[in-house]
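Notes follow once the structure below has been shown.
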Amino acid sequence: MRLTRFSDIGLRVLIYLEQAGERPHPVTVAEIGKQFDIPLNHLVKVVGQLAKLGWITATRGRNGGLRLAADPATLTIGQVLRKLEGEEDELVDCEGTNCALKLDCQLRGMLRAGMRAFYEAMDRYTLAQATAGATGEQVVRMHRMFWSGAPAAVE
């Protein structure tokens, strides 16, 4: 299994915003795009979905930007991935094929069980946990470097 780029970007946005904390200025889409080298057209779509889900607030205009609206202590990585990846999606497309095993295949059920286990595991981790320790410290450094005008550096 591999996460889509959409989900990857969504998780990065949430992590970045979680560490923005009490920053006086909201985070801009351009800032996140620059920090993670994400094309703005992709980022705008992800940000729109995160706002629609109520996890971030997006304010337009000169003093606008993004802020985290969800509680990072209760928003689980599983919740995020279910919404961005789609919990109902099958790992294999049995309906779209002419597979001779379609009616008697055990694999489809096994893959569903694996997906359930994956989401259950991701439900054990919150956004706050994802930004704890070294990850959170690196994001805070990224915020500082952006505002100082220094190039972002990964340590």
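All values below were derived from every heavy atom in this structure, side-chain atoms included, with hydrogens, water molecules and symmetry-related copies excluded.
To the nearest 0.5 Å, the span separating CD on Gln19 from CG on Leu14 amounts to 12.5 Å. Distance CD1/Ile77 to CG/Leu11: 5.5 Å, rounded to 0.5 Å. With rounding to the nearest 0.5 Å, the separation of CG in Leu43 from CG in Leu66 is 8.0 Å. Taking CZ of Arg108 as the reference point, atom CE of Met110 lies at 14.0 Å (rounded to 0.5 Å).
Nearest heavy atoms, Leu75 versus Ala70: CD2-CB, 3.9 Å. Taking each heavy atom of Thr126 and Ala73 in turn, the nearest pair found is CG2-O, 3.3 Å. When all heavy atoms of Leu81 and Ser7 are compared, the closest pair comes out as CD2-CB, 4.0 Å. The two residues Ala20 and Val27 come nearest to each other via the heavy atoms CB-CG2, 3.7 Å. The two residues Pro26 and Gly64 have their closest heavy-atom pair at CG-O, 3.6 Å.
Put simply, Phe36 and Leu40 are part of the same group of oily side chains (I, L, V, M, F, W, Y) that touch within less than 4.5 Å, one to the next. In terms of hydrophobic clustering, with Ile, Leu, Val, Met, Phe, Trp and Tyr side chains grouped at heavy-atom distances under 4.5 Å, Phe6 and Val80 are assigned to a common cluster. Follow the hydrophobic side-chain contacts under 4.5 Å out from Ile32 and you never reach Val140; the two are in separate clusters. Clustering ILVMFWY residues whenever any of their side-chain heavy atoms sit less than 4.5 angstrom apart, transitively, puts Tyr125 in the very cluster that holds Tyr119.
When the salt bridge (Lys or Arg N to Asp or Glu O under 4.0 Å) test is applied to Glu18, no partner is found at least two apart in sequence or on another chain. With sequence neighbours excluded, the residues that form a side-chain contact (heavy atoms from CB on, under 4.5 Å) with Thr57 are Arg67, Ala69. By the side-chain contact (heavy atoms from CB on, under 4.5 Å) test, Val44 is found to be paired with Val29, residues two or more places apart in sequence or in another chain being considered.
Screening residues 69-80 for side-chain hydrogen bond (donor to acceptor under 3.5 Å, both in side chains) gives Thr76-Gln79, Thr76-Asp123 as the qualifying pairs, with residues at least two apart or on separate chains. Sorted by first and then second residue, the salt bridge (Lys or Arg N to Asp or Glu O under 4.0 Å) pairs with a member in residues 7-17 read Arg5-Asp8, Asp8-Arg12; sequence neighbours excluded. Annotation: side-chain hydrogen bond (donor to acceptor under 3.5 Å, both in side chains) contacts involving residues 42-52, sequence neighbours excluded, are absent.
Here the side chain of Glu85 pairs a donor or acceptor atom with the backbone of Thr4 at under 3.5 angstrom. No donor-acceptor pair closer than 3.5 Å links the side chain of Gln138 to the backbone N or O of Thr135.
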Test side-chain contact (heavy atoms from CB on, under 4.5 Å) on Leu68 and Leu127; report intermediate values, then the result. CA-CA 11 Å; Leu68 187 65; Leu127 181 59; 4.1 Å; yes

Step by step, would you call His143 with Glu31 a side-chain contact (heavy atoms from CB on, under 4.5 Å)? CA-CA 9 Å; His143 286 289; Glu31 176 182 344; 3.7 Å; yes

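You'll find the side chain of Ile56 reaches within 4.5 Å of the side chain of Leu17, heavy atoms only.
Within a 6.0 Å sphere centred on CZ of Phe118, heavy atoms belonging to other residues, nucleotides or ligands number more than 12. In Asp37, the CG atom is not crowded: 12 or fewer heavy atoms of neighbouring residues, nucleotides or ligands sit closer than 6.0 Å.
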